Amino acid sequence: MERLTIMKGDIVKIKADAIVNAANTSLLGGGGVDGAIHRAAGEELLAECEKLGGCATGQAKITKGYHLPAKYIIHAPGPIWRGGSRGEADLLASCYRSCFALAKEYGLSSIAFPSISTGIYRYPVDQASLIALQEITSFLKENPSFQKVIVVCYNDETYKAYKAAFKTLEMGAAAKESKKEEKKEAKQDHKSSKEEKKEEKEEKRKGIKFHAFHLFQGKKKDKNRKKDET
Ligand code: AR6
């Protein structure tokens with residue numbers, strides 16, 4: 001089973017242990033995916049959210065899923081895009097990490113994400129998708145028992161951006177892997193040439209010994225011959 005799925009669809013229909021809501025810091029609902037989740041989950045969701053006291057950007061809080069097929073909703077306010085130099089990338093990565101921390105704390109094994117911050121908060125989706133997938137793939141790598149992460153893209157543009165980002169990351173990983181292999185081979189070459197040199201040295205040493213032995217034997221014979229002559 002593929003542990004990461006990128007699909008087009010509506011996140012409120014996804015049956016997973018948790019779906020993530022691209023919320024705002026009040027946690028009291030809004031437009032976009034937040035509005036859709038509150039409508040589908042029902043009024044009880046707002047009642048629970050009112051007790052949470054908001055949530056900082058980059059952090060996450062969890063509620064029940066109420067009328068959703070998902071058991072839980074993890075609410076994560078993403079950063080508003082302000083040009084990219086106001087810590088947006090770190091805050092967005094932190095959203096994903098905070099969601100995963102809650103998923104682990106609650107013993108969940110499947111989670112669905114929307115593309116946090118790339119709607120009303122205007123984060124460029126080509127950049128946001130790379131950050132999202134980087135966080136997701138490294139979490140999956142570090143948590144082999146976690147079963148499934150689904151990225152639910154609401155429109156074509158988002159879906160294409162995530163597919164492209166996935167390819168970019170895959171190529172990056174492949175390049176890293178082949179560099180590692182090259183380094184390993186070079187190390188082995190170096191080692192074997194070292195071994196060859198050692199063997200050569202050993203051969204030479206033996207050769208010298210052999211030569212010395214013969215020289216010695218020759219001298220001994222000469223001496224004996226001289227002795228006989230006298
Ligand atoms: N399923 C999956 N994705 C969806 C859905 C859906 N049903 N509906 C929209 N999207 P946005 P943000 C996509 O604006 O940018 C709210 O008012 C959408 O196409 O929902 O983080 C909050 O209260 C886009 O790709 O969230 C905050 O004030 C992605 O979800 C603010 O918006 C995120 O778009 C948060 O803005």
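In listed order, ligands and their atoms are each counted from 1. Please read all numbers here as calculations on a predicted model, not as lab measurements.
- No donor-acceptor distance shorter than 3.5 angstrom exists from the side chain of Ser110 to the backbone of Gln147, with no hydrogens or angles considered.
- Separation of atoms OG1 (Thr118) and OH (Tyr154) is listed at 13.0 Å; rounding is to 0.5 Å.
- Less than 4.0 angstrom separates some heavy atom of Asp34 from each of these atoms of ligand 1: 22 (C), 23 (O).
- Closest protein heavy atom to atom 33 (C) of ligand 1: Ser115 O, 3.2 Å.
- Remark: ligand 1 atoms within the under-4.0 Å shell around heavy atoms of Ala22 are 21 (O), 22 (C), 26 (O), 35 (C).
- Between Tyr162, Trp81, Tyr154, Tyr159, it is Tyr154 that holds the heavy atom closest to atom 13 (C) of ligand 1.
- A donor-acceptor pair under 3.5 Å is absent between the side-chain atoms of Asp34 and the main chain of Ala23, judged by distance alone.
- For atom 20 (O) of ligand 1, the closest heavy atom belonging to the protein is Val33 N, 2.8 Å.
- Checked by atom type and distance alone, the side chain of Ser117 pairs as donor or acceptor with a backbone atom of Pro79 at under 3.5 Å.
- Near Asp10, meaning under 4.0 Å from any of its heavy atoms, are these atoms of ligand 1: 1 (N), 6 (C), 7 (N).
- When the heavy atoms of Ile37, Ile120, Ile11 are ranked by distance to atom 2 (C) of ligand 1, first place goes to Ile11.
- Distances between N or O atoms of Tyr121 and those of ligand 1 include at least one value under 3.5 Å.
- The pair Arg97-Glu135 meets the salt-bridge criterion, with a side-chain N (NZ, NE, NH1 or NH2) lying under 4.0 Å from an Asp/Glu carboxylate O.
- Ring orientation note: the planes of Phe113 and Tyr96 are tilted relative to one another, at an angle of 30° to 60°.
- At least one heavy atom of Thr118 sits closer than 4.0 Å to an atom of ligand 1.
- Between the side chain of Glu105 and the backbone N or O of Ala101 there is no donor-acceptor pair closer than 3.5 Å.
- Take Tyr66 and apply the side-chain hydrogen bond (donor to acceptor under 3.5 Å, both in side chains) test, not counting sequence neighbours, and it matches Glu48.
- Considering backbone and side-chain N/O atoms, Gly119 comes within less than 3.5 Å of an N/O atom of ligand 1.
- Between the side chain of Lys148 and the main chain of Glu2, a donor-acceptor pair closer than 3.5 Å is present.
- Under the 4.0 angstrom criterion for non-hydrogen atoms, Ser117 is in contact with ligand 1.
- At a 3.5 angstrom cut-off on N or O pairs, Gly32 does not count as close to ligand 1.
- Only side-chain heavy atoms of Thr158 come within less than 4.0 Å of ligand 1; its backbone N, CA, C and O stay farther off.
- Of all atoms in ligand 1, listed by their number and element, those nearer than 4.0 Å to a heavy atom of Gly31 are 16 (C), 17 (O).
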